[in-house]
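Working notes, structure below.
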Amino acid sequence: MKKLINIAVLVSGGGTNLQALIDFSADGNLTSGRLVKVISSNSDAYALTRAKESYIDSAVVERKGKTQQEFESAIIKELEECDAEVIVLAGFMCILSKDFTDRYKDRIINVHPSLIPSFCGQGYYGLKVHEKALEYGVKVTGATVHFVNEIPDGGKIIMQKAVSVKEGDTPKKLQKRVMEQAEWKILPMAVEKVCKSICKGE
Ligand code: GAR
């Protein structure tokens, strides 16, 4: 039987990118991996409901009240319990240390809602990214899927997709277009690509 890469998805909020991965898998397109666990940094995240509805194991590791080391140890425990080989950050709003990113070198994938290196790094997350893009006046933005290293949004780029900014855009309108036209498409494709190359031993 073909080996499938165990994928854990780290989330903090709504989980629409998680949903895109679930749908991609349900459509039979995730041929080299399987979603084994969803780990949320927030117990109220709607992403947890999405996991439950799709019968995917989930766990909550709250960021609040823990040191960085305690937080990461608790995540590692969850990852080891499900033998996760690839970790997807899908709207995960916590920074990971170099110790963590080194431990899973070339195994952590993040989706960011801009064309890196624009509007990225510390402080650029969620709606803020689109606010900054509109403030600057760019006419094209998009999304990037990249490997995660110790530099926020600084790892090697796996895939990008451009999206047009339109007259009258608000941050929310732009966020929706970037999600629909870019994030939900390239994140699942990039995850499949990485899992496939791990399977091939590349
Ligand atoms: C997405 O737009 C994702 O790219 C962004 O937060 C949103 C989460 O939505 N992530 C970052 O900004 C990380 N730097 P979701 O929970 O519905 O997937």
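Quick caveat: nothing in here was measured; it's all calculated off a predicted structure. In listed order, ligands and their atoms are each counted from 1.
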Taking atom 17 (O) of ligand 1 as the reference point, the nearest protein heavy atom with its distance: T16 OG1, 2.6 Å

Atom CD of E81: over 12 foreign heavy atoms under 6.0 Å: yes

Distance from atom 16 (O) of ligand 1 to nearest protein heavy atom, with residue and atom: G15 N, 2.8 Å

Polar atom proximity, N110 to ligand 1 (N or O, under 3.5 Å): no

Min N/O separation L18 to ligand 1 under 3.5 Å: no

Top protein contact for atom 13 (C) of ligand 1, by heavy-atom distance: V111 O, 4.1 Å

Positive for salt bridge (charged side-chain N to carboxylate O under 4.0 Å, His left out) with R103, one of E150, E80, E72: E80

Ligand-side contact atoms (ligand 1) for residue partner G91, heavy atom cut-off under 4.0 Å: 8 (C)

Joint cluster assignment, I108 & I5, ILVMFWY side-chain distance < 4.5 Å: no

Electrostatic pair E62:K66 at N-O distance under 4.0 angstrom: no

K128 to ligand 1, any heavy atom closer than 4.0 Å: no

F119 atom CZ, neighbour heavy-atom count above 12 within 6.0 Å: yes

Those atoms of ligand 1 less than 4.0 Å from some heavy atom in M179: 1 (C), 2 (O), 9 (O), 17 (O)

Closest protein heavy atom (residue, atom, distance) for atom 6 (O) of ligand 1: M93 CE, 3.2 Å

Identity and distance of the protein heavy atom lying nearest atom 3 (C) of ligand 1: E183 OE1, 3.2 Å

More than 12 heavy atoms from other groups under 6.0 Å of NZ on K193: no

Atom indices of ligand 1, in the order listed, that fall short of 4.0 Å to a heavy atom of Y124: 14 (N)

Hphob cluster co-occupancy, V111 + L10, side-chain heavy atoms under 4.5 angstrom: no

Single-linkage hydrophobic cluster M159~I198, side-chain heavy atoms < 4.5 angstrom: yes

Any N or O of G126 closer than 3.5 Å to N or O of ligand 1: yes

Atom indices of ligand 1, in the order listed, that fall short of 4.0 Å to a heavy atom of H112: 14 (N)

K98 vs D102, salt bridge (charged side-chain N to carboxylate O under 4.0 Å, His left out): CA-CA, chis, key distance, verdict: CA-CA 6 Å; K98 178 167 162 51; D102 282 354; 2.9 Å; yes

N/O separation below 3.5 Å, D153 to ligand 1: no

